Amino acid sequence: MKIENSILRQAALNAGIGAEELAVFFSEGKVVTYQANEWIFQESTPRLWAGVILEGDLELVRGLHGASRKIGTMIAGALIAEGAFLEGDAHSNGAVTRNGVKIWQISRERIEDIKANQPELFYKIVSQIAVGINRRLRVLSNKLYQTSKTLDVEMSGFRQESDSLGTREISDSVYYGVQTQRALENFPISGVRLNNFDHMIEALAMVKKAAALANYQLGRLDEARMKAICGACEEILDGKLHEHFKVDMFQGGAGTSTNMNANEVIANRGLELMGYDKGDYRHLHPNDHVNCSQSTNDSYPTAIKLAVLLSNRNLVRAMNALRGALARKAEEFQDVLKMGRTENQDAVPMTLGQEFSAYAVMIEGAIASLEEAALAMQAVNMGATAIGTGINSPSGYAPLVVEKLSEVSGFTLRLAPNLVEATQNAGKFVQMSAMLKLAAVQISKICNDLRWLSSGPRCGLNEINLPPMQPGSSIMPGKVNPVIPELVNQICYQVMGYDSVVSMAAEASELELCMGEPLIAYDLLHGMMILKNGCVTLASRCVEGIEANRDVCLGYVQSSIGLVTALVPHIGYEQSAAIAKQALKTNETVYDLVLQKKLLSQDELDEILKPETMTDPRSAGDA
């Protein structure tokens, strides 16, 4: 099949390219058909071909992760992905067809063949494509200006940065460098970037600052470079530059991209503090200076542990507030008699205060477990470098950098006793995750109970009222749902799921390194963040406003067969069972039947059925 001349002429006209030259390029192309709602290419994927739309249309979109925005429509006769003629970088936009589209495509390999064998033709058409792209940029710039004249857009130049794979242009407006740029292109996965986790960024800055101080003391860094690194780290710890930590939390390389993102941001800001331009790495290099005496394999897991410690501090604070709210309700409800239930069946009386005091103790126990697990996070492998042998670090560096890191972070850190083991063993993260799951299980159980106890209001238990937060239905007027406990239940389910993933990622450690640490970092830090937020919300928007329906609670006690259990020590099990059976059959109360059968006097029965006797007989006996 050959491309139709009319389509080719239209594409050449649209792109400002000679039809004859364009025909040469596309003479060996092929037709590729895409079905409705199929992606033609996605943002940040490599450019593999250039093409001409034959039939149908497609939309250009920007943004990968739930917030994609349409930026244009391309129809038959349009030249698409012509950037493949210029260089082999990634697509800056995505393209999707809503109704189906046919595209005549020529592969990048064929383009390279023409470049090698017909260079005059190649560079002629490339120059025309560049003019067309420049024209579209002018149109876009004008459109942006007209759309919002108040929009503040900083325009800057570019700098050249090189790594072992080659040279790339990096915008001068950003502080990250070439290795971060490659990571942005390689890992456009979740849209959850490093700058979603302030504690991780702060932890990385602490690690780099401590390393600079130790390297300076041991003669590996001069004073100017040490001060520049520390100055940049201090700015990061003050909340600056976080927007430049851009890599996706999901990444290959066991955290190398995250480590290099930090190294590059710190190096480029440090260069500015020294009076140099970004990218002038002769004076301050991301690897040689910021990463001096380090490997990703010791700096990254150490940063994760610090971030977990920082996050745990916030989580424990939120859980303590929840525990306090539950304890205050326990005190408020200490005189509210109600029926206890086992297996969703009536059991024996208790107070609503006892029920809430149990919840407070559950949270207290979960806090203790988290704090115990956090102690294990204080053993770090800084100084291990690549696999635990300390290669490329000076004598005495490991204990010194841990000492400096303790000073910088405020945590009492200690050097792991075996750095080879500590570099490959992610078991401490599993321990922390397990305790986080324990907390989630306890909190979710409490939320289940709150939903049951507040069920109704007319056809459920209705023993408590939760504060109404929003209308509960789009069709049923007056309905109010327990939205806060439902929310927190879902948070807890997610945390429980994360625990399974952390276990698998830690188990995937092979030989001298755990490649799954980026996933461990995401699941732990995100789990701690959402559980912390859930505790704050549960305490402030639910528990603090709970009210007891005292009459409902007492009515259940008075009508319950469970009262008969309190009579067993006085009239025996057989008599008590007979009373229970008759009460169920006749719908009479246990109280009335005992008096009718003259098994006990009213004074004796009232004494036995006192709330304090039934709910805490030891205290009643002491009295």
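Worth saying up front: this structure is predicted, and the values here are computed from it rather than measured.
- Side-chain contact annotation: T423 with N381, donor-acceptor N/O pair under 3.5 Å present.
- Looking only at distances, a side-chain donor or acceptor of N261 sits under 3.5 Å from a matching main-chain atom of H244.
- Between L310 and M206 the shortest side-chain heavy-atom distance falls below 4.5 Å.
- Counting non-hydrogen atoms of other residues, nucleotides and ligands closer than 6.0 Å to OH of Y216 gives a total of 12 or fewer.
- A donor-acceptor pair under 3.5 Å is absent between the side-chain atoms of E517 and the main chain of L513, judged by distance alone.
- For the pair L58/I103, a side-chain contact is recorded, criterion being any heavy-atom separation below 4.5 Å from C-beta on.
- No side-chain donor-acceptor contact under 3.5 Å links T302 to the backbone of S299.
- Screening I53, I80, V31 for a side chain to side chain contact (heavy atoms under 4.5 Å, CB included) with W104, the sole residue that qualifies is V31.
- Of the residues M260, E161, K246, the one that meets the side chain to side chain contact (heavy atoms under 4.5 Å, CB included) test with Y176 is K246.
- Between the side chains of N263 and N291, a donor-acceptor pair is found at a separation under 3.5 Å.
- A salt bridge does not link D238 with K240: every distance from a Lys NZ or Arg NE/NH1/NH2 to an Asp or Glu carboxylate oxygen is 4.0 Å or more.
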Residue pair F250, F187: steps toward the ring-ring contact (aromatic ring centres under 6.0 Å, His included) verdict: CA-CA 7 Å; F250 288 75; F187 311 124; over 10 Å; no
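- In this structure, the side chain of D248 engages the main chain of I189 through a donor-acceptor pair within 3.5 Å.
- The pair R269-E235 counts as a salt bridge, with a side-chain nitrogen and a carboxylate oxygen less than 4.0 angstrom apart.
- No option in Q181, R182, Q179, R168 other than R182 meets the side chain to side chain donor-acceptor pair (under 3.5 Å) test with D163.
- Using modelled atom types, one side-chain atom of N268 and one backbone atom of Y175 make a donor-acceptor pair closer than 3.5 Å.
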